[in-house]
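Just so you know, these numbers come straight off a predicted model, no measurement behind them.
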Amino acid sequence: MGFFCFLLLLVFHFYLLLSLASGARNLSSSQQLQQEQSQSDDDEVGLLLAFKQSSVQSDPHGFLSDWKADSATPLCAWRGLTCSSDGHVITINLSNAGLIGSLHFPTLTALPSLQNLYLQGNSFSTADLSVSNITSCRLETVDLSSNNISEPFPSRSFLLSCDHLASVNLSHNSIPGGSLSFGSSLLQLDLSHNLISDTDLLTCQNLNLLNVSTNKLTGKLSDSLFSCKNLLTLDLSNNTFSGEIPSSFLAKASASLEYLDLSSNNFTGKFSNLDFGQCRSITLLKLAHNALSGDKFPVSLGNCQVLETLDLSNNKLKNKIPGVLLGNLKKLRQLFLGHNHFSGEIPTELGKACGTLQELDISVNNLSGGLPSSFTSCSSLVSLNLGHNQLYGNFLSSIVSSLPSLRYLYVPFNNITGPVPLSLTNGTRLQVLDLSSNAFTGNVPSGFCSPNAPSTLEKILLANNFLFGTVPSELGNCKNLKAIDLSFNSLIGPIPSEIWSLPNLSDLVMWANNLTGEIPEGICINSGNLETLILNNNLITGTIPRSIAKCTNLIWVSLASNRLMGDIPSGIGNLIKLSILQLSNNSLSGKIPAELGKCQSLIWLDLNSNDLSGSIPSELANQAGLVSPGTVSGKQFAFVRNEGGTSCRGAGGLVEFEGTRAERLEKFPMVHSCPSTRIYSGLIVYTFPSNGSMIYLDLSYNSLSGSIPDDLGTLSYLQVLNLGHNMLTGNIPDSFGGLKAIGVLDLSHNNLQGAVPGSLGTLSFLTDLDMSNNNLSGLIPSGALKGTQQIPELEEKSSP
């Protein structure tokens with residue numbers, strides 16, 4: 001018994017020793033792991049700090065403020081970092097951080113577990129895009145888009161060295177090319193919006209997405225693209241490719257190709273020559289904005305039975321629209337055929353595609369007739385654009401009114417007659433209604449919106465028709481209205497207060513009518529959304545309301561050729577977005593407010609033919625060199641230039657021209673108020689990239705006195721300056737030599753004196769100069785007139 005107890009005690013002691021030894025070993029192992037983890041953390045901290053030091057020259061927003069050696073924040077909690085479950089950095093996301101610097105990749109790729117790198121939206125250039133030689137690159141996703149990369153890509157870069165790389169985005173930089181070779185692991189490569197010009201750089205390997213849109217690629221399509229067997233998406237749009245698209249290009253393309261965009265190039269040749277092959281996978285095909293021609297479509301296009309989007313707009317296709325072929329594309333959702341030369345009637349067979357069709361654009365062609373009754377089955381149609389054709393008939397009320405999903409209806413510039421169909425608003429979905437430049441008669445319908453039901457209507461565009469009567473106050477029920485254009489009709493009466501009170505109204509355009517009444521005091525008190533206020537050429541009376549200063553989003557104000565009185569509110573100077581201010585041909589009095597010099601975007605100021613007095617404020621030039629382009633860029637306009645000399649009042653008139661036919665404008669009285677006029681039309685394009693100035697200033701036919709401010713000479717982008725027919729005194733400022741863009745300069749019919757400054761001889765664009773009827777002396781400087789006959793002596797241009 002004693003021996004047995006001794007034996008048990010010995011065994012227990014043996015196991016206790018083993019347990020203590022095992023515990024000691026486990027404790028030692030745990031400490032070692034902790035030490036290794038700590039060492040690993042220290043290594044990764046060091047690499048990240050090395051990247052920050054070598055690559056980031058400026059961090060204006062303090063995005064990396066916790067990236068420091070003595071940071072109290074744990075590594076995995078540093079801003080922009082994501083770690084794995086075992087504490088290693090796997091993602092760095094510094095997108096849109098505002099960082100400035102030059103990228104050094106070796107320190108980043110030395111991070112042993114880094115898989116994702118997002119640096120888009122910064123100002124990085126490149127210093128070293130090679131990878132670390134310490135550890136193998138584990139990167140899978142790299143996004144360097146929207147930076148300042150402008151150097152050719154080096155031959156030794158991460159593109160070729162990272163064996164796990166799957167997705168790379170280098171878009172929106174200024175990369176001119178270089179070595180863009182990559183490994184077989186890469187699946188997606190976005191090089192769009194760069195300066196790449198070498199088509200030999202276009203290779204595929206295993207890519208399923210290649211986007212090289214908006215570059216400088218020229219010549220014919222590269223044969224290397226025929227070997228792209230895995231591509232799902234290929235985007236070569238917005239380049240300058242030319243020649244014919246190889247007839248077998250689409251047939252030989254990847255059998256899996258789903259998205260092909262070749263739009264906005266210079267491709268030519270007959271569209272019918274293209275062979276689409278079996279076309280089993282293509283869902284989107286864009287060939288818009290090229291020069292494809294012909295009067296037939298390729299029959300093989302009918303094989304594209306999964307096609308959802310077909311864009312052939314802005315080409316030179318003609319003859320009839322192939323309704324049978326297109327109608328048999330049973331999954332078609334978007335069809336764009338606008339801006340071609342199609343003629344004849346809209347084919348009935350096209351209505352067979354209505355089961356899925358959501359967008360149809362056949363605008364700007366030579367189509368006639370109406371919309372076939374087969375389109376009543378277009379229950380999914382959301383947007384319909386039939387504008388700029390020769391359509392007529394009652395299809396709006398009989399067919400279009402029955403489309404339950406329609407939200408956007410564009411039928412401008414056609415030949416539709418009769419009253420505006422009220423049935424168009426029977427559905428509750430319509431958001432945009434554009435019927436401008438037709439031949440509609442009768443009243444503006446008062447029942448567009450019900451006071452008892454919410455309305456989605458956002459735009460009513462009925463310009464350039466033959467409508468009469470008053471503007472219905474019931475339009476005030478359309479609480480979501482953003483734009484109303486009733487210009488170029490024969491409307492009378494005041495603009496209802498209900499319209500001025502619309503909470504979301506941004507564009508109020510009713511010029512060239514016979515509207516009366518006043519602009520109410522209190523506009524923009526409850527809402528400052530108004531952007532364009534264009535009411536010129538009416539019979540509006542009263543004063544300009546002081547509350548216009550609350551309309552802080554205004555960019556274009558035209559109240560010219562009305563019967564306004566009173567002064568110009570100084571509060572207009574608060575409108576920092578205001579680009580165009582036209583108040584000419586009224587009876588405004590008082591001084592020109594110096595506060596107009598605070599309008600930071602003002603490029604066009606026309607106050608001619610009023611009763612303004614006092615001096616010209618030098619503050620009008622305060623924004624010289626500070627104006628940035630943009631606020632009215634792209635707006636459609638027409639400028640009626642007066643070329644009849646002293647028999648014309650003012651330099652001309654600028655009018656909004658969005659929905660008006662040119663032939664209608666040519667018959668308008670304002671065009672014939674001057675013996676000789678010329679009409680220019682187009683889209684507003686700024687003449688300066690930045691740091692611009694006013695481009696048009698007309699203060700003629702007022703009672704302004706005093707001297708001409710020297711500061712006006714700093715308006716270096718001014719093209720028209722008309723100060724004629726005032727009571728100005730003093731000398732012509734020598735600073736006018738700084739008007740380097742001036743084309744029209746009229747200082748006539750004042751009391752100016754002294755010699756003509758020699759600096760005018762440096763104005764190389766000056767073609768129209770009138771300084772007659774002053775007390776000037778000397779000769780016109782040699783070179784002052786480039787486009788017209790020089791006048792050697794002032795007296796020869798003077799008139800009694």
Answer yes or no: is there a side-chain heavy-atom contact under 4.5 Å between Leu221 and Phe267?
yes

Please report the shortest heavy-atom distance between Asn122 and Leu119, naming the atom on each side.
ND2-O, 2.9 Å

Evaluate the side-chain proximity of Ile460 to Leu481: yes if any heavy-atom separation is below 4.5 Å, no if none is.
yes

Measuring from atom CG of Asp311 to atom CG of Leu287, what distance do you get when rounded to the nearest 0.5 angstrom?
8.0 Å

Could you walk me through whether Ile245 and Leu274 pass side chain to side chain contact (heavy atoms under 4.5 Å, CB included), step by step?
CA-CA 8 Å; Ile245 300 172; Leu274 292 182; 3.8 Å; yes

Worked check of side chain to side chain contact (heavy atoms under 4.5 Å, CB included) between Leu285 and Phe276
CA-CA 11 Å; Leu285 175 63; Phe276 284 84; 3.3 Å; yes

I need the full list of ring-ring contact (aromatic ring centres under 6.0 Å, His included) pairs touching residues 278-299, with sequence neighbours left out, sorted by first then second residue.
Phe271-Phe297

Just by distance, do the side chain of Ser237 and the backbone of Ser263 share a donor-acceptor pair under 3.5 Å?
no

Could you pull out all donor-acceptor pairs under 3.5 Å where a side-chain atom in residues 375-383 meets a protein atom, sequence neighbours excluded?
residue	atom	partner	partner atom	Å
Thr376	OG1	Ser373	O	2.8
Ser377	OG	Ser374	O	2.9

Worked verdict on Ser248 versus Asp275 for side chain to side chain donor-acceptor pair (under 3.5 Å)
CA-CA 5 Å; Ser248 58; Asp275 180 7; over 6 Å; no

Side chain of Asn230, backbone of Asn208: donor and acceptor closer than 3.5 Å?
no

Working to the nearest 0.5 angstrom, can you tell me the gap between Gln205 CD and Leu189 CG?
11.0 Å

Decide if atom NZ of Lys330 counts as having more than 12 heavy atoms of other residues, nucleotides or ligands within a radius under 6.0 Å.
yes

So, taking the atom named CG in Leu386 and the one named OH in Tyr410, what distance separates them when rounded to the nearest 0.5 Å?
12.0 Å

Any side-chain heavy atom of Val400 sitting closer than 4.5 Å to one from Leu406?
yes

Taking all atoms of both residues into account, what is the closest heavy-atom pair of Leu335 and Leu326, and its distance?
CD2-CD1, 4.1 Å

Between CG of Leu191 and OG of Ser145, what distance do you get to the nearest 0.5 Å?
11.5 Å

Among Val168, Leu165, Leu207, which residue satisfies the side-chain contact (heavy atoms from CB on, under 4.5 Å) criterion with Phe182?
Leu207

Can you check whether Leu262 reaches Phe241 side chain to side chain, under 4.5 Å on heavy atoms?
no

Minimal non-hydrogen separation, Asn414 against Val411, with atom names
ND2-O, 3.4 Å

In terms of side-chain heavy atoms, does Asp163 have a donor or acceptor partner in Ser185 at a distance below 3.5 Å?
no

Is there a side-chain contact between Val420 and Val444, using heavy atoms and a 4.5 Å cut-off?
no

Do Thr91 and Asn116 have a side chain donor and acceptor closer than 3.5 Å?
yes

Ala463 backbone acceptor or donor facing Ser487 side chain under 3.5 Å:
no

Check: Asn366 side chain, Ser343 main-chain N or O, donor-acceptor pair, under 3.5 Å:
no

For the pair Asn211 (side chain) and Ser192 (backbone), establish whether a donor and an acceptor sit closer than 3.5 Å, ignoring hydrogens and angles.
no

For the atom pair CG (Leu403) and CG (Leu409), what is the distance rounded to the nearest 0.5 Å?
8.5 Å

With no hydrogens and no angle check, is any side-chain donor or acceptor of Asn147 less than 3.5 Å from a backbone partner on Ile149?
no

Working note: Asn385 + Ile362, criterion side chain to side chain contact (heavy atoms under 4.5 Å, CB included); need CA distance, chi angles, decisive distance, verdict.
CA-CA 6 Å; Asn385 193 341; Ile362 50 178; over 6 Å; no

Is there a side-chain contact between Tyr259 and Leu234 in this structure, where contact means two heavy atoms from C-beta onward sitting under 4.5 Å apart?
no

Counting distance only, does the side-chain N/O of Asn438 pair as donor-acceptor with the main-chain N or O of Phe440 below 3.5 Å?
no

Side-chain donor or acceptor of Ser506 paired with backbone N/O of Lys482 under 3.5 Å
yes

Does Asn314 reach the side chain of Phe336, with side-chain heavy atoms less than 4.5 Å apart?
no

Just how far is it from atom NE2 of His193 to atom OG1 of Thr214, taken to the nearest 0.5 Å?
3.5 Å

Under 3.5 Å, is there a donor-acceptor pair between the side chain of Asn215 and the main chain of Leu195?
yes

Does any part of the side chain of Phe158, heavy atoms only, come nearer than 4.5 Å to the side chain of Leu144, both counted from C-beta?
yes

For the CD atom on Gln278, are there more than 12 heavy atoms of other groups (residues, nucleotides or ligands in this structure) within a distance under 6.0 Å?
no

Are the side chain of Ser397 and the backbone of Asn394 linked by a donor-acceptor contact shorter than 3.5 Å?
yes

Taking all atoms of both residues into account, what is the closest heavy-atom pair of Ser161 and Cys137, and its distance?
O-CB, 4.3 Å

Checking Leu301 against Leu325 for the side chain to side chain contact (heavy atoms under 4.5 Å, CB included) test, could you report, in this order, the C-alpha distance in whole Å, the side-chain angles of both residues, the deciding distance, and whether it holds?
CA-CA 8 Å; Leu301 179 61; Leu325 187 150; 3.7 Å; yes

For Asn319 and Asp295, the nearest pair of non-hydrogen atoms, with its separation, is CB-CB, 3.5 Å

Note: Leu367 and Ile346 closest approach over all heavy atoms is CD1-CG1, 4.2 Å

Just checking, any donor-acceptor pair under 3.5 angstrom between side chains of Ser401 and Ser423?
yes

Ignoring hydrogens and geometry beyond distance, is a side-chain donor-acceptor pair present between Asn480 and Glu458 at under 3.5 Å?
no

Any luck finding a side-chain donor-acceptor pair between Ser242 and Asn266 under 3.5 Å?
no

